[in-house]
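Remarks on the structure that follows.
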Amino acid sequence: MAYCSKRMKITTWNVNSVRARAAHVERFLAVQQPDLLLLQEIKCEEPAFPAANFAALGYQSVVLGQKSYNGVAILSRLPFNVTARGLPGLDDAQARYLEIECESILVGNLYLPNGNSGGDAGYAYKLRWMKALRARAAALLEQDHDFMLAGDYNVCPTDADLAQGTLPPGDALVRPETRAEFRALLWLGLTDAVRALHPTEIIYSFWDYQVGCWPRDKGLRIDHALLSPRLAEKLIYALPDREVRNEEQPSDHCPVTIKLD
DNA sequence: ATGTCTGAAGCATTCAGA
């Protein structure tokens, strides 16, 4: 069993290519100085990851990459150990899960499958992935670890988490089976950090690049941080940083920051 | 109704995936 004792600032961010967004990430690190930055959709293999840029700002990198698609990485200014490369219990050809222990917290960085490509098999992969994530969460609870599972879930948990008309009813991000799997994660006893502190506000973390979505605020809330029970009691801040979406050539996601004390 | 962006293959432009 492990207990967190330190004040922590942790950000999750789907950057949609870390090479295209290296300067954006550097600016974010310099200004916001999170203890951990969880990156998704780095879209490269480890040798192409711009680790030196981030090391110059005091951040060590751990990378689980693949060519062209997916890929996750964690930047840390604190010492850490890698506890999982890939989701335990899932035979996954895609680079979507990376977990570390830092300051006695286990932090899982995840990029959950979108589920809209590949037909029935593609959607079945998404559900299989969600069940494996739930099994991982259940195992960590059984071990009495403090933990956070954060990243791009590709799930709008409720109708309050997307602008009207943004997605068709059958989209994999809002399908009833998708939402049921997300609720099953919460029913284990996990806390959706943003909704715990902001139960009724309209809050999005993603806006499609297509014309008008950002200026008209036609967004989705799909980037989430789920907290184990003791960590939830330490939660003092949880919000997206919308300003980043106004920068030149931004990612279609904005960073979501969690503070624990 | 359409609209955008990224990386790959391969060298102009199309495709997949999001």
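These numbers were taken from a predicted model, which means no experiment stands behind them. The sequence lines fix the lettering, A, B, ..., with proteins before strands; numbering per chain opens at 1.
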Looking only at atom C1', what distance separates B/dC11 and B/dC15, rounded to whole Å?
16 Å

Which other residues end up in the same hydrophobic cluster as A/Val211, if Ile, Leu, Val, Met, Phe, Trp and Tyr are linked when side-chain heavy atoms come under 4.5 Å apart?
none

Summarise how protein sits on nucleotides 8-18 of chain B as a single string, 5' to 3': B when a protein heavy atom is under 4.0 Å from the base, S for sugar-phosphate-only contact, - for no contact.
SS------BSS

Among pairs that include at least one residue of residues 162-194 of chain A, which meet ring-ring contact (aromatic ring centres under 6.0 Å, His included), considering only residues two or more places apart or in two chains?
A/Tyr153-A/Phe182, A/Phe182-A/His224

Take the protein atom CD1 of A/Ile42 and the nucleotide atom P of B/dT6, then report the distance between them rounded to whole Å.
16 Å

What distance, rounded to whole Å, do you find between the two P atoms, one in B/dG10 and one in B/dA16?
15 Å

If you group Ile, Leu, Val, Met, Phe, Trp and Tyr whenever their side-chain heavy atoms sit less than 4.5 Å apart, what else falls in with A/Ile222?
A/Leu162, A/Leu167, A/Leu173, A/Val174, A/Phe206, A/Leu220

Which residues share a side chain to side chain donor-acceptor pair (under 3.5 Å) with A/Arg85, sequence neighbours left out
none

Rounded to whole angstrom, note down the C1' distance from B/dA12 over to B/dA1.
28 Å

Find which nucleotide of DNA chain B each of A/Val211 and A/Ala20 is nearest to by heavy atoms, and output the residue with the more 5' nucleotide.
A/Val211

Please state whether the phosphate of B/dC5, meaning OP1 or OP2, lies under 4.0 angstrom from any side-chain nitrogen or oxygen of A/Arg21.
no

Geometric cation-pi criterion A/Arg96 and A/Tyr111, 6.0 Å radius, 45° cone
yes

Tell me who clusters with A/Tyr69, hydrophobic residues only, linked when side chains sit under 4.5 Å apart either directly or through other members.
none

Rounded off to whole Å, could you give me the CH2-to-P distance for the A/Trp214 and B/dC5 pair?
15 Å

